[in-house]
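These notes are about the structure you will find just below.
Each chain gets a letter, A, B and so on, in the order its sequence line appears, and its residues count up from 1. A quick note: this is a predicted structure, and the numbers were derived from the prediction, not measured.
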Amino acid sequence: MDDRLRRSMPLFSMGIVQNLTGLTARQIRYYEENALIEPERTEGNRRVFSFNDVEKLLDIKSLLDEGVNLAGIKHVLSSKPVEANQPLNVVKQKKSDLSDADLMKYLKSELINAGKFGDQAAIQGEFSRFFNQK
DNA sequence: CTTCTGACA
DNA sequence: TGTCAGAA
């Protein structure tokens, strides 16, 4: 039951999310403006992303690679819970909804791929928070 | 130093 | 989208 809570638990900073997703801060903020994601905020107004947000961002990224525009992505994301049907030009949603383990594995590879070896410790901390902080 | 908002050569 | 400024 608290799995949903874990996935929506705010624990990633903008910098971490940039490394995780490969997206720029500009893009991430822009997607938030379009209500594609809804990060939490700290007292200092800093964005704090949850596992869910990161996963969504990952979906957005792949959709972007497939040439889908913002309107299309918004449509795909909103029709997430329901296995709706897609008209002509709109893509066919297939993947997403990975297990925590798979997501973790992917996220870690993304970090290493990002070439941030100096921050590995900090990154590990981000993930450990997800597991320890039950 | 990192992130935020608003704006535009 | 990138990027710069000014503030937090």
Side-chain angles (χ1 to χ4, degrees):
Chain A
M1 242 356 119
D2 62 56
D3 184 57
R4 169 164 187 161
L5 238 153
R6 287 161 71 89
R7 295 183 90 78
S8 58
M9 182 192 332
L11 33 65
F12 300 116
S13 67
M14 174 57 89
I16 297 295
V17 176
Q18 286 186 67
N19 294 198
L20 252 33
T21 65
L23 295 168
T24 65
R26 179 76 169 78
Q27 291 176 296
I28 297 172
R29 295 182 186 119
Y30 183 60
Y31 302 148
E32 181 187 15
E33 285 182 52
N34 285 273
L36 265 46
I37 54 175
E38 39 203 275
E40 221 64 38
R41 293 293 183 126
T42 64
E43 289 182 18
N45 199 40
R46 263 68 207 291
R47 264 166 272 248
V48 188
F49 305 81
S50 68
F51 230 106
N52 258 311
D53 293 323
V54 176
E55 195 170 6
K56 266 190 180 180
L57 255 7
L58 254 19
D59 286 346
I60 294 173
K61 189 192 175 190
S62 60
L63 253 20
L64 243 31
D65 289 332
E66 294 176 49
V68 185
N69 56 45
L70 263 288
I73 293 175
K74 193 178 298 183
H75 182 253
V76 174
L77 259 46
S78 59
S79 64
K80 255 271 164 93
V82 184
E83 205 61 7
N85 33 50
Q86 308 305 327
L88 343 75
N89 53 355
V90 181
V91 261
K92 61 294 173 206
Q93 173 192 11
K94 268 293 171 275
K95 51 186 65 176
S96 71
D97 291 337
L98 302 66
S99 68
D100 286 349
D102 290 336
L103 191 55
M104 287 287 288
K105 186 179 177 183
Y106 180 71
L107 258 24
K108 280 194 174 184
S109 68
E110 280 299 302
L111 287 171
I112 296 175
N113 190 301
K116 293 291 184 180
F117 294 99
D119 303 50
Q120 217 110 318
I123 302 308
Q124 296 286 16
E126 298 297 327
F127 287 124
S128 65
R129 261 191 268 169
F130 178 73
F131 291 121
N132 301 337
Q133 191 174 120
K134 176 74 175 300

When you check the phosphate oxygens OP1 and OP2 of C/dT1, does a side-chain N or O of A/Y31 lie under 4.0 Å from one of them?
yes
For B/dC4, take OP1 and OP2 only and decide whether either is under 4.0 Å from a side-chain N or O of A/R47.
yes
Which base sits across from B/dT3 as a Watson-Crick or G-U pair, both distances under 3.5 Å?
C/dA7
In whole Å, what is the span from the CD atom of A/E33 to the C1' atom of C/dT1?
12 Å
In this structure, how many angstroms lie between the P atom of B/dG6 and the CZ atom of A/R26, rounded?
12 Å
Any chance you could measure A/R47, atom CZ, to A/N45, atom CG, to the nearest 0.5 Å?
7.5 Å
Rounded to whole Å, please give me the gap between OH in A/Y30 and P in B/dT5.
15 Å
Output yes when at least one side-chain N/O atom of A/R41 is less than 4.0 Å from OP1 or OP2 of B/dT5, else no.
yes
For the residue pair A/F12 and A/T21, establish whether any side-chain heavy-atom pair is separated by less than 4.5 Å.
no
Between C/dT1 (P) and A/Q27 (CD): distance, integer Å
4 Å
For A/F49 and B/dC4, what is the distance between atoms CZ and C1' respectively, to the nearest whole Å?
11 Å
With nearest nucleotide decided by heavy atoms, which residue, A/R46 or A/T24, maps closer to the 5′ end of DNA chain C?
A/T24
Between A/G44 and A/L70, who's closer to the 5' end of DNA chain C by nearest nucleotide?
A/L70
If only side-chain N and O atoms of A/S13 are considered, is one of them under 4.0 Å from the OP1 or OP2 phosphate oxygen of B/dT2?
no
What is the distance, rounded to the nearest whole Å, between atom CD1 of A/I60 and atom C1' of C/dT1?
15 Å
Please check the phosphate of B/dC4 (OP1 and OP2 only) for any side-chain N or O of A/R29 closer than 4.0 Å.
yes
Quick check: closest heavy atoms across A/N52 and A/S8, and the distance to 0.1 Å?
ND2-N, 3.9 Å
Report yes or no: do A/S50 and A/D53 form a side-chain donor-acceptor pair below 3.5 Å?
yes
Roughly how many Å is it from CD in A/E32 to P in B/dT3, rounded to a whole number?
14 Å
Could you check how far CD of A/E40 sits from C1' of B/dT3, rounded to whole Å?
17 Å
Applying side chain to side chain contact (heavy atoms under 4.5 Å, CB included), run through A/L103 and A/L58 and close with a yes or a no.
CA-CA 10 Å; A/L103 191 55; A/L58 254 19; 4.1 Å; yes
